[in-house]
There are 2 protein chains.
Amino acid sequence: MKKSLDELIKELKEKNIRLTHQRLKVLEYLVNNRTHPTVDQIYKALKKEVPSLSKTTIYNTLNYLSELKLIKVVAIEDNEARFDGDTGDHGHFKCNSCGKIYDLDMDMDKCIPENLNGFRIDEKIVHFKGICKRCLSR
Amino acid sequence: MKKSLDELIKELKEKNIRLTHQRLKVLEYLVNNRTHPTVDQIYKALKKEVPSLSKTTIYNTLNYLSELKLIKVVAIEDNEARFDGDTGDHGHFKCNSCGKIYDLDMDMDKCIPENLNGFRIDEKIVHFKGICKRCLSR
DNA sequence: TTTCTACTTTGTAATGATTACAATATAATT
DNA sequence: AATTATATTGTAATCATTACAAAGTAGAAA
(Lines give C-alpha, C1' and ligand atoms only; values in the text may rest on other atoms or scores of the structure.)
Protein backbone atom coordinates (compact mmCIF):
# COMPACT_ATOMS: atom_id res chain seq x y z
CA MET A 1 0.00 0.00 0.00
CA LYS A 2 2.93 2.35 -0.47
CA LYS A 3 1.27 4.63 -2.97
CA SER A 4 3.27 6.84 -5.27
CA LEU A 5 2.76 10.57 -5.39
CA ASP A 6 0.99 10.19 -8.73
CA GLU A 7 -1.49 7.73 -7.28
CA LEU A 8 -2.19 10.03 -4.35
CA ILE A 9 -2.74 12.99 -6.68
CA LYS A 10 -5.10 10.91 -8.73
CA GLU A 11 -7.12 10.12 -5.61
CA LEU A 12 -7.31 13.80 -4.72
CA LYS A 13 -8.61 14.63 -8.19
CA GLU A 14 -11.21 11.88 -8.03
CA LYS A 15 -12.49 13.28 -4.77
CA ASN A 16 -12.48 16.83 -6.13
CA ILE A 17 -9.94 17.97 -3.57
CA ARG A 18 -8.01 21.07 -4.57
CA LEU A 19 -4.42 20.38 -5.55
CA THR A 20 -2.79 23.12 -3.55
CA HIS A 21 0.95 23.60 -3.53
CA GLN A 22 1.08 22.91 0.21
CA ARG A 23 -0.90 19.67 0.02
CA LEU A 24 1.24 18.36 -2.77
CA LYS A 25 4.40 19.22 -0.88
CA VAL A 26 3.20 17.45 2.26
CA LEU A 27 2.25 14.35 0.30
CA GLU A 28 5.53 14.43 -1.59
CA TYR A 29 7.42 14.67 1.69
CA LEU A 30 5.61 11.69 3.17
CA VAL A 31 6.17 9.63 0.03
CA ASN A 32 9.89 10.42 0.00
CA ASN A 33 10.45 10.19 3.75
CA ARG A 34 9.25 6.90 5.15
CA THR A 35 10.47 7.84 8.62
CA HIS A 36 7.14 8.61 10.31
CA PRO A 37 7.97 12.30 10.67
CA THR A 38 6.46 14.66 13.24
CA VAL A 39 4.57 17.83 12.36
CA ASP A 40 7.62 19.86 13.24
CA GLN A 41 9.94 17.81 11.06
CA ILE A 42 7.63 18.18 8.08
CA TYR A 43 7.18 21.88 8.76
CA LYS A 44 10.89 22.64 9.07
CA ALA A 45 11.77 20.69 5.95
CA LEU A 46 9.08 22.27 3.77
CA LYS A 47 9.57 25.77 5.15
CA LYS A 48 12.86 25.85 3.22
CA GLU A 49 11.08 25.27 -0.07
CA VAL A 50 7.92 27.22 0.76
CA PRO A 51 9.00 30.16 2.93
CA SER A 52 5.44 31.42 3.41
CA LEU A 53 4.42 28.11 4.96
CA SER A 54 2.54 28.17 8.23
CA LYS A 55 2.59 25.42 10.81
CA THR A 56 -1.19 25.63 11.00
CA THR A 57 -1.28 24.60 7.37
CA ILE A 58 0.72 21.50 8.17
CA TYR A 59 -1.76 20.63 10.90
CA ASN A 60 -4.76 21.36 8.67
CA THR A 61 -3.33 19.41 5.79
CA LEU A 62 -2.30 16.37 7.80
CA ASN A 63 -5.66 16.25 9.55
CA TYR A 64 -7.52 16.55 6.29
CA LEU A 65 -5.43 13.96 4.50
CA SER A 66 -5.90 11.48 7.33
CA GLU A 67 -9.67 12.08 7.33
CA LEU A 68 -9.55 11.23 3.64
CA LYS A 69 -7.58 8.06 4.54
CA LEU A 70 -4.72 9.13 2.27
CA ILE A 71 -2.27 9.06 5.17
CA LYS A 72 -2.22 7.61 8.70
CA VAL A 73 -1.49 8.97 12.14
CA VAL A 74 0.99 6.92 14.14
CA ALA A 75 0.40 7.51 17.85
CA ILE A 76 3.43 5.71 19.18
CA GLU A 77 4.92 8.63 21.11
CA ASP A 78 3.14 9.97 24.14
CA ASN A 79 3.75 13.63 23.40
CA GLU A 80 3.45 14.15 19.67
CA ALA A 81 1.86 12.57 16.62
CA ARG A 82 3.75 11.04 13.73
CA PHE A 83 2.53 10.56 10.18
CA ASP A 84 2.76 7.74 7.71
CA GLY A 85 2.20 7.78 3.96
CA ASP A 86 1.64 4.03 4.04
CA THR A 87 -2.05 3.44 4.72
CA GLY A 88 -1.94 -0.33 4.48
CA ASP A 89 -2.31 -2.50 7.59
CA HIS A 90 1.02 -2.78 9.34
CA GLY A 91 2.51 -2.54 12.81
CA HIS A 92 5.35 -0.48 14.25
CA PHE A 93 8.36 -0.99 16.47
CA LYS A 94 9.97 1.93 18.24
CA CYS A 95 13.56 1.59 19.41
CA ASN A 96 13.95 3.41 22.70
CA SER A 97 17.68 3.68 22.11
CA CYS A 98 18.05 5.15 18.61
CA GLY A 99 14.47 6.39 18.34
CA LYS A 100 13.87 4.81 14.96
CA ILE A 101 10.38 3.58 14.16
CA TYR A 102 10.35 0.38 12.11
CA ASP A 103 7.47 -0.75 9.92
CA LEU A 104 6.24 -4.27 10.55
CA ASP A 105 4.64 -6.15 7.71
CA MET A 106 2.23 -8.45 9.46
CA ASP A 107 -1.26 -9.87 9.31
CA MET A 108 -2.98 -7.86 12.00
CA ASP A 109 -6.18 -9.83 11.68
CA LYS A 110 -4.42 -12.73 13.38
CA CYS A 111 -4.26 -10.56 16.49
CA ILE A 112 -8.01 -10.08 16.77
CA PRO A 113 -9.23 -12.04 19.80
CA GLU A 114 -12.52 -13.96 19.87
CA ASN A 115 -13.83 -11.56 22.51
CA LEU A 116 -14.44 -9.14 19.68
CA ASN A 117 -16.93 -11.30 17.83
CA GLY A 118 -19.86 -9.06 16.97
CA PHE A 119 -17.79 -5.87 17.31
CA ARG A 120 -17.14 -3.66 14.30
CA ILE A 121 -13.41 -3.02 14.04
CA ASP A 122 -12.44 0.14 12.17
CA GLU A 123 -8.88 0.56 13.35
CA LYS A 124 -6.15 -1.87 14.36
CA ILE A 125 -3.07 -0.65 16.18
CA VAL A 126 -0.08 -2.85 16.99
CA HIS A 127 2.98 -1.23 18.49
CA PHE A 128 6.06 -2.66 20.09
CA LYS A 129 8.77 -0.81 21.95
CA GLY A 130 12.20 -1.93 23.05
CA ILE A 131 15.71 -2.02 21.64
CA CYS A 132 16.35 -2.81 18.01
CA LYS A 133 18.81 -5.39 16.73
CA ARG A 134 21.25 -2.77 15.52
CA CYS A 135 21.40 -1.02 18.89
CA LEU A 136 21.68 -4.33 20.77
CA SER A 137 24.78 -5.33 18.78
CA ARG A 138 26.91 -2.51 20.18
CA MET B 1 -2.70 -9.91 36.99
CA LYS B 2 -5.52 -7.99 38.62
CA LYS B 3 -3.77 -7.38 41.89
CA SER B 4 -5.68 -6.53 45.02
CA LEU B 5 -4.94 -3.40 46.99
CA ASP B 6 -3.25 -5.50 49.65
CA GLU B 7 -0.90 -7.06 47.11
CA LEU B 8 -0.04 -3.64 45.74
CA ILE B 9 0.65 -2.28 49.23
CA LYS B 10 2.87 -5.26 49.91
CA GLU B 11 4.88 -4.47 46.78
CA LEU B 12 5.29 -0.87 47.86
CA LYS B 13 6.59 -1.98 51.25
CA GLU B 14 9.02 -4.43 49.69
CA LYS B 15 10.43 -1.66 47.55
CA ASN B 16 10.64 0.71 50.52
CA ILE B 17 8.21 3.16 48.93
CA ARG B 18 6.45 5.44 51.38
CA LEU B 19 2.81 4.57 51.93
CA THR B 20 1.38 8.04 51.65
CA HIS B 21 -2.32 8.66 51.94
CA GLN B 22 -2.46 9.95 48.36
CA ARG B 23 -0.68 6.96 46.85
CA LEU B 24 -2.93 4.54 48.66
CA LYS B 25 -6.02 6.43 47.50
CA VAL B 26 -4.88 6.40 43.87
CA LEU B 27 -4.14 2.68 43.98
CA GLU B 28 -7.43 1.99 45.73
CA TYR B 29 -9.27 3.95 43.04
CA LEU B 30 -7.61 2.03 40.23
CA VAL B 31 -8.33 -1.31 41.89
CA ASN B 32 -12.01 -0.43 42.39
CA ASN B 33 -12.51 1.30 39.03
CA ARG B 34 -11.48 -0.90 36.16
CA THR B 35 -12.61 1.72 33.66
CA HIS B 36 -9.22 3.05 32.53
CA PRO B 37 -9.82 6.47 34.09
CA THR B 38 -8.15 9.70 33.04
CA VAL B 39 -6.09 11.89 35.35
CA ASP B 40 -9.00 14.26 35.67
CA GLN B 41 -11.46 11.53 36.57
CA ILE B 42 -9.16 10.22 39.30
CA TYR B 43 -8.51 13.73 40.54
CA LYS B 44 -12.16 14.76 40.75
CA ALA B 45 -13.20 11.53 42.47
CA LEU B 46 -10.45 11.65 45.09
CA LYS B 47 -10.72 15.39 45.66
CA LYS B 48 -14.01 14.69 47.43
CA GLU B 49 -12.32 12.43 49.96
CA VAL B 50 -9.04 14.32 50.18
CA PRO B 51 -9.89 18.02 49.80
CA SER B 52 -6.26 19.15 49.97
CA LEU B 53 -5.43 17.01 46.92
CA SER B 54 -3.50 18.62 44.09
CA LYS B 55 -3.68 17.53 40.49
CA THR B 56 0.11 17.59 40.35
CA THR B 57 0.09 14.87 42.98
CA ILE B 58 -2.08 12.71 40.76
CA TYR B 59 0.38 13.18 37.92
CA ASN B 60 3.40 12.54 40.15
CA THR B 61 1.82 9.49 41.69
CA LEU B 62 0.63 7.93 38.43
CA ASN B 63 4.00 8.52 36.80
CA TYR B 64 5.83 7.03 39.74
CA LEU B 65 3.56 4.01 40.01
CA SER B 66 3.91 3.28 36.32
CA GLU B 67 7.71 3.58 36.54
CA LEU B 68 7.50 1.00 39.31
CA LYS B 69 5.36 -1.17 37.00
CA LEU B 70 2.54 -1.22 39.53
CA ILE B 71 0.13 0.32 37.03
CA LYS B 72 0.05 0.84 33.26
CA VAL B 73 -0.55 3.80 30.98
CA VAL B 74 -3.13 3.19 28.26
CA ALA B 75 -2.45 5.54 25.35
CA ILE B 76 -5.56 4.84 23.34
CA GLU B 77 -6.87 8.40 23.17
CA ASP B 78 -4.96 10.98 21.21
CA ASN B 79 -5.37 13.80 23.70
CA GLU B 80 -5.09 12.34 27.19
CA ALA B 81 -3.63 9.36 28.98
CA ARG B 82 -5.64 6.69 30.72
CA PHE B 83 -4.51 4.42 33.53
CA ASP B 84 -4.93 0.75 34.26
CA GLY B 85 -4.44 -1.14 37.51
CA ASP B 86 -4.08 -4.37 35.54
CA THR B 87 -0.41 -4.73 34.59
CA GLY B 88 -0.76 -8.10 32.89
CA ASP B 89 -0.45 -8.41 29.10
CA HIS B 90 -3.77 -7.58 27.50
CA GLY B 91 -5.20 -5.54 24.64
CA HIS B 92 -7.89 -2.87 24.49
CA PHE B 93 -10.89 -2.04 22.35
CA LYS B 94 -12.32 1.46 22.34
CA CYS B 95 -15.90 1.96 21.21
CA ASN B 96 -16.14 5.21 19.30
CA SER B 97 -19.86 5.35 20.01
CA CYS B 98 -20.21 4.88 23.78
CA GLY B 99 -16.57 5.60 24.58
CA LYS B 100 -16.10 2.49 26.67
CA ILE B 101 -12.69 0.84 26.70
CA TYR B 102 -12.87 -2.94 26.86
CA ASP B 103 -10.09 -5.19 28.14
CA LEU B 104 -9.05 -7.97 25.79
CA ASP B 105 -7.59 -11.11 27.26
CA MET B 106 -5.28 -12.33 24.55
CA ASP B 107 -1.89 -13.82 23.90
CA MET B 108 -0.03 -10.82 22.58
CA ASP B 109 3.05 -12.86 21.81
CA LYS B 110 1.17 -14.38 18.89
CA CYS B 111 1.18 -10.93 17.32
CA ILE B 112 4.94 -10.58 17.28
CA PRO B 113 6.11 -10.80 13.65
CA GLU B 114 9.28 -12.58 12.58
CA ASN B 115 10.76 -9.27 11.50
CA LEU B 116 11.47 -8.66 15.16
CA ASN B 117 13.81 -11.59 15.61
CA GLY B 118 16.83 -10.24 17.45
CA PHE B 119 14.96 -7.23 18.80
CA ARG B 120 14.37 -6.80 22.52
CA ILE B 121 10.68 -6.19 23.12
CA ASP B 122 9.86 -4.35 26.33
CA GLU B 123 6.34 -3.20 25.59
CA LYS B 124 3.51 -4.64 23.54
CA ILE B 125 0.53 -2.50 22.61
CA VAL B 126 -2.56 -3.85 20.84
CA HIS B 127 -5.51 -1.51 20.42
CA PHE B 128 -8.64 -1.77 18.36
CA LYS B 129 -11.21 0.91 17.73
CA GLY B 130 -14.68 0.68 16.26
CA ILE B 131 -18.23 0.09 17.50
CA CYS B 132 -18.95 -2.38 20.25
CA LYS B 133 -21.56 -5.14 20.07
CA ARG B 134 -23.89 -3.36 22.48
CA CYS B 135 -23.89 -0.13 20.45
CA LEU B 136 -24.33 -2.02 17.17
CA SER B 137 -27.48 -3.73 18.40
CA ARG B 138 -29.46 -0.49 18.63
C1' DT C 1 6.67 9.95 72.28
C1' DT C 2 9.47 13.37 70.19
C1' DT C 3 12.83 14.71 66.91
C1' DC C 4 14.79 14.56 62.61
C1' DT C 5 15.33 14.23 57.73
C1' DA C 6 14.62 12.76 53.33
C1' DC C 7 10.93 12.34 50.58
C1' DT C 8 6.15 13.96 49.23
C1' DT C 9 2.52 17.08 48.40
C1' DT C 10 0.83 21.34 46.95
C1' DG C 11 -0.02 25.57 44.11
C1' DT C 12 1.44 28.31 40.67
C1' DA C 13 3.75 29.16 36.65
C1' DA C 14 5.77 27.37 32.47
C1' DT C 15 5.84 24.33 28.46
C1' DG C 16 4.56 22.42 24.25
C1' DA C 17 1.43 20.29 21.05
C1' DT C 18 -2.70 21.28 18.91
C1' DT C 19 -6.81 24.06 17.61
C1' DA C 20 -9.82 28.39 16.83
C1' DC C 21 -10.50 32.13 14.22
C1' DA C 22 -10.46 35.96 11.10
C1' DA C 23 -8.04 38.17 7.37
C1' DT C 24 -5.76 37.28 3.14
C1' DA C 25 -4.71 34.45 -0.84
C1' DT C 26 -5.60 31.09 -4.44
C1' DA C 27 -7.40 26.82 -7.35
C1' DA C 28 -10.36 25.93 -10.58
C1' DT C 29 -14.52 27.08 -13.01
C1' DT C 30 -17.11 30.43 -15.96
C1' DA D 1 -9.98 37.82 -16.70
C1' DA D 2 -13.57 37.53 -13.24
C1' DT D 3 -15.67 34.96 -9.73
C1' DT D 4 -16.21 32.24 -5.71
C1' DA D 5 -15.76 28.63 -2.73
C1' DT D 6 -12.05 26.85 -0.45
C1' DA D 7 -7.24 27.09 1.51
C1' DT D 8 -3.46 29.38 3.79
C1' DT D 9 -1.56 32.24 7.17
C1' DG D 10 -0.51 34.38 11.74
C1' DT D 11 -1.88 35.11 16.10
C1' DA D 12 -4.14 33.95 20.07
C1' DA D 13 -6.38 30.44 22.77
C1' DT D 14 -6.72 25.75 24.71
C1' DC D 15 -5.52 21.94 27.27
C1' DA D 16 -2.72 18.17 29.05
C1' DT D 17 1.41 17.74 31.27
C1' DT D 18 5.70 19.22 33.69
C1' DA D 19 8.98 22.38 36.45
C1' DC D 20 9.87 24.27 40.58
C1' DA D 21 10.00 25.98 45.24
C1' DA D 22 7.72 26.19 49.64
C1' DA D 23 5.24 23.65 53.10
C1' DG D 24 3.98 19.17 54.94
C1' DT D 25 4.61 14.30 56.38
C1' DA D 26 6.12 9.11 56.74
C1' DG D 27 9.00 6.51 59.01
C1' DA D 28 13.35 5.81 61.35
C1' DA D 29 16.12 6.98 65.33
C1' DA D 30 16.66 8.71 69.89
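If you're wondering where the values come from, they're calculated on a predicted model, not measured in any experiment. In what follows, every heavy atom counts, from backbone to side chain, and hydrogens, waters and symmetry copies are set aside. Convention: sequence-line order gives letters A, B, ...; per-chain numbering from 1.
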Can you tell me which nucleotide in [options] comes closest to the side chain of [X]?
{"X": "B/Arg18", "options": "C/dT9, D/dA26, C/dA28", "answer": "D/dA26"}
{"X": "B/Tyr64", "options": "D/dA7, C/dT8, D/dG27", "answer": "C/dT8"}
{"X": "B/Ser54", "options": "D/dT17, C/dG11, C/dT26", "answer": "C/dG11"}
{"X": "A/Ala81", "options": "C/dT10, C/dT18, D/dG10", "answer": "C/dT18"}
{"X": "B/Thr61", "options": "C/dT9, D/dT8, C/dT19", "answer": "C/dT9"}
{"X": "B/Leu19", "options": "D/dT17, D/dT8, D/dG27", "answer": "D/dG27"}
{"X": "B/Tyr59", "options": "D/dA7, D/dA26, D/dT18", "answer": "D/dT18"}
{"X": "A/Arg23", "options": "D/dT8, D/dT9, C/dT9", "answer": "D/dT8"}

Measure the distance from [atom1] on [X] to [atom2] on [N] and round it to the nearest whole Å.
{"X": "B/Phe83", "N": "D/dT17", "atom1": "CZ", "atom2": "C1'", "result": "10 Å"}
{"X": "B/Glu67", "N": "D/dT18", "atom1": "CD", "atom2": "C1'", "result": "13 Å"}
{"X": "A/Asn60", "N": "C/dT18", "atom1": "CG", "atom2": "P", "result": "13 Å"}
{"X": "A/Asp40", "N": "C/dT15", "atom1": "CG", "atom2": "P", "result": "17 Å"}
{"X": "A/Glu80", "N": "C/dT18", "atom1": "CD", "atom2": "P", "result": "6 Å"}
{"X": "A/Ile17", "N": "D/dA7", "atom1": "CD1", "atom2": "C1'", "result": "12 Å"}
{"X": "B/Leu62", "N": "D/dA16", "atom1": "CG", "atom2": "C1'", "result": "13 Å"}
{"X": "B/Lys55", "N": "C/dT8", "atom1": "NZ", "atom2": "P", "result": "22 Å"}

Would you confirm whether the ring centroid of B/Tyr102 sits within less than 6.0 angstrom of the ring centroid of A/Phe119?
-> yes
Closest-nucleotide 5' rank along DNA chain C - winner of A/Asn16 and A/Val39 =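 The residue whose closest nucleotide sits nearer the 5' end is A/Val39.
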So, does [X] get its side chain near the phosphate of [N], meaning an N or O under 4.0 Å from OP1 or OP2?
{"X": "A/Asn63", "N": "C/dT19", "answer": "yes"}
{"X": "A/Gln22", "N": "D/dT9", "answer": "yes"}
{"X": "A/Thr56", "N": "D/dT9", "answer": "no"}
{"X": "B/Thr20", "N": "C/dT9", "answer": "yes"}

Would you check if B/Thr87 and B/Lys69 make a side-chain contact, meaning some heavy-atom pair closer than 4.5 Å?
-> no
Side chain proximity check, A/Val26 to A/Ile58, heavy atoms < 4.5 angstrom | yes
Closest-nucleotide 5' rank along DNA chain D - winner of A/Asp78 and A/Thr57 = A/Thr57
So does B/Asp103 pair up with B/Arg34, basic N to acidic O under 4.0 Å?
-> no
In short, A/Met106 meets A/Val126 closest at the heavy-atom pair CE-CG1, 3.9 Å
Cation-pi check, A/Lys55 to A/Tyr59: give yes when NZ or CZ is under 6.0 Å from the six-membered ring centre and within 45° of the ring axis, no otherwise.
-> no
